[in-house]
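The structure appears below as structure tokens.
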Amino acid sequence: MGTRAGGRRTGPKCIAIVGPFASGKTTLLEAILARTGAIPRQSPVSSGSTVSDHSPEARAHAMSVEATFATTDFMGEQLTFVDCPGSIEFAFEAEPVLAACDLAVVVAEADEKKIPALQLIMRKLDDLGVPRILFLNKVDKAIAGVRDTLKMLQPASSVPLLLRQIPVRKDGVVIGSIDLALERAYIYREYAESEVADIPGDDKARELEARFSMLETLADHDDHLMEQLLEEIEPPKDAIFDDLSADLRAGAVTPVLIGTAEKGNGVLRLLKAIRHDAPDIEATRKRLGAPDGQTVVQVMKTIHTAHGGKLSVSRLLSGQLADAAELFLSNGDTAKVSGIYSMLGKDQSKLTSAKAGDTVALGKLDNVKTGQTLSSAKGGIRPLIALEPPQPVFAFALRPKERKDEVKMSAAIQRLAEEDPSLSLRHNQDSAETVLSGHGEMHLRVVRERLEGKNQIPIEGHAPAVPYRETIRKSAQQRGRHKKQSGGHGQFGDVVIEIKPLPRGSGFQFSDTITGGVVPKTYIQSVETGVRDYLKTGPLGFPVVDVAVNLSDGSYHAVDSSDMAFQMAAKLAMKEGMTACSPVLLEPVMKVEIVTPSDATSKIIALIPQRRGQILGYDARPDWPGWDVVEATMPQAEIGDLIIELRSATAGVASYKAAFDHMAELTGRLADEAMNANGKAA
């Protein structure tokens with residue numbers, strides 16, 4: 001008997017279901033829940049009534065838009081499955097989930113276009129050190145053979161994809177599978193347990209070849225098995241199962257099982273593999289570096305329910321937890337549990353307590369956020385994971401249609417940001433806009449739908465304003481005199497200023513060359529204040545930059561001069577002088593770094609000039625086989641919807657980072673359009 005794996009791991013387990021968009025993750029979860037009796041029957045995704053389709057946004061777009069938790073029992077063991085969204089726009093949902101899971105089931109299919117998306121998922125699992133099984137779905141529709149499919153998919157995985165089952169075909173149709181470890185055939189029956197059968201004679205040679213290939217891969221990590229293969233000794237089955245478990249838990253291989261989730265085929269074998277091979281909470285606790293001997297809770301997801309308030313879906317990494325227990329955050333704050341619940345989609349069942357390994361929802365932890373670590377130790381412990389949302393790639397400015405809803409909208413967005421930490425909200429001082437940023441057009445569309453649907457707040461949205469600036473090309477000298485008499489003290493301020501352009505990026509400089517006290521020192525600061533106030537909106541309608549102003553002359557009145565009079569005189573001088581300085585519009589230009597699959601690099605390079613971009617170069621993405629990095633500069637005005645075109649050209653997987661690079665002159669039609677949009681005539 002093998003001893004590498006140390007036997008089957010018992011106790012509650014948490015399994016993430018991940019995979020590219022439309023690979024069949026939600027369908028697989030439905031099939032699992034139906035097979036384990038958690039739901040009465042399996043519902044097709046098209047019905048809009050699956051466990052994961054509990055939000056109107058998921059139903060409307062026929063896609064998962066948030067992680068869905070479902071706890072069930074299989075052969076006396078508790079398993080919690082988490083259906084994670086497949087779209088890259090909602091991928092951040094999976095990060096806090098995967099970190100606290102014991103195992104991931106990666107759902108894939110024989111579709112070459114989805115390999116880059118699969119690679120993104122596999123890379124994240126590598127980064128987090130999460131073991132995984134690959135479920136090759138839709139085998140009934142696959143044209144290529146399973147082994148050819150694995151060769152196609154292998155570049156997406158950093159470790160060997162280990163084929164554990166091969167299909168049984170009849171008249172070209174997949175009717176079952178052969179388990180290479182058990183050497184047993186299983187004939188599929190729709191929505192029911194497969195029928196055990198002998199391996200068909202026509203498939204025996206194929207089975208022996210595939211089995212030997214599996215054993216060779218396992219032998220890479222087991223010297224005794226290697227010796228047996230070299231001496232042509234048949235290894236015992238229990239030793240093979242031990243190797244399969246040990247290599248899976250160590251992340252040395254990714255076992256591949258096959259099936260068709262839509263018909264419930266292959267689901268029972270997958271469940272048995274999970275039950276036998278998956279690591280337990282002890283391995284996950286060690287991977288995260290969580291201390292033992294105390295209660296440690298890792299928050300995986302925040303949900304705001306209509307009637308139950310805030311729920312923090314969490315994994316209990318160690319210890320015990322009872323209702324009303326007091327927990328501590330890493331900053332020393334306390335949080336008191338108000339209700340413990342088991343999750344099945346939108347439905348919750350109240351529990352009296354939870355134990356290590358359980359995945360439960362904890363009620364009303366108002367000061368707790370997704371990704372935080374809670375502990376029974378006073379003062380808390382260090383956070384076990386660090387959530388770092390990727391840079392937003394899409395944004396819109398929003399406001400409620402009714403002014404009375406402003407406070408309500410702000411509170412609603414705060415709740416949405418708690419549920420989805422990848423959202424970011426900022427107030428643009430220049431444009432007085434509230435700007436919401438996220439990871440794609442669909443991501444923010446769902447947010448808007450939730451504001452309008454769940455929160456009943458009609459919203460107006462538009463592209464955020466581009467922070468244009470203006471500067472000057474020529475110098476000028478101008479006098480500004482403010483004189484007003486209306487009984488009693490009048491107003492008098494008189495200045496002569498010199499306006500000069502500065503090199504790009506210099507900002508604003510003010511100086512004075514006053515001699516003889518023609519402008520008293522007490523009013524020089526007033527002149528600068530007036531100049532700065534004018535520069536907030538120049539002759540083209542935008543803030544002015546890269547300008548130097550020198551106060552060279554002027555005069556004052558002993559009685560009528562004042563701080564305000566000299567401010568007004570400075571503004572008048574600036575208003576008249578700036579028009580003589582050949583004002584010109586400036587637009588921000590960004591340095592853009594685009595990551596893309598290599599087979600789409602030519603498309604990306606072609607679209608950059610169409611957006612007035614300049615290509616700086618491209619190269620292979622370090623440590624990412626089959627990916628490139630394209631560097632370019634591009635006006636910020638062209639970046640607003642760039643992500644839509646990038647994802648369209650790359651089957652939804654390209655992304656980019658952008659950072660301000662420099663300001664550049666903008667003239668002609670585009671400048672006219674910018675000024676007209678800002679309410680200024682050209």
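Hydrogens, waters and symmetry mates play no part in the numbers below; they use all other heavy atoms, side chains included.
Under the 4.0 Å criterion applied to side-chain N and carboxylate O atoms, Asp292 and Lys286 are not assigned as salt-bridge partners. Between Glu449 and Arg445 no salt bridge is recorded (no basic side-chain N to carboxylate O distance below 4.0 Å). Salt bridge annotation for Lys355-Asp358: present, with a cationic side-chain nitrogen under 4.0 angstrom from a carboxylate oxygen. Between Lys350 and Asp323, at least one side-chain nitrogen of the basic residue sits less than 4.0 Å from a carboxylate oxygen of the acidic one, meeting the salt-bridge criterion.
In summary, the side chains of Asn265 and Glu190 do not present any donor paired with an acceptor at a separation below 3.5 Å, with no hydrogens or angles considered. For the residue pair Gln119 / Trp627, a side-chain donor-acceptor distance below 3.5 Å is found, with atom types taken as modelled. With hydrogens and angles left out, the side-chain atoms of Thr302 and Glu419 include no donor and acceptor closer than 3.5 Å.
Results of the salt bridge (Lys or Arg N to Asp or Glu O under 4.0 Å) test with Asp277 over Arg9, Arg164, Arg249, Lys272 single out Arg164 as the only residue that passes. Screening Arg415, Lys310, Glu418 for a side-chain hydrogen bond (donor to acceptor under 3.5 Å, both in side chains) with His304, the sole residue that qualifies is Glu418. Among Ser318, Ser375, Ser376, the single residue meeting the side-chain hydrogen bond (donor to acceptor under 3.5 Å, both in side chains) criterion with Gln294 is Ser375. Just one of Ile258, Leu161, Leu257 meets the side chain to side chain contact (heavy atoms under 4.5 Å, CB included) condition when paired with Leu136; it is Ile258.
Geometrically, Arg269 engages Tyr186 in a cation-pi contact, judged by NZ or CZ lying under 6.0 Å from the ring centre and within 45° of the ring axis.
Annotation: His439 is not in aromatic contact with Phe394 [ring centroid separation under 6.0 Å not met].
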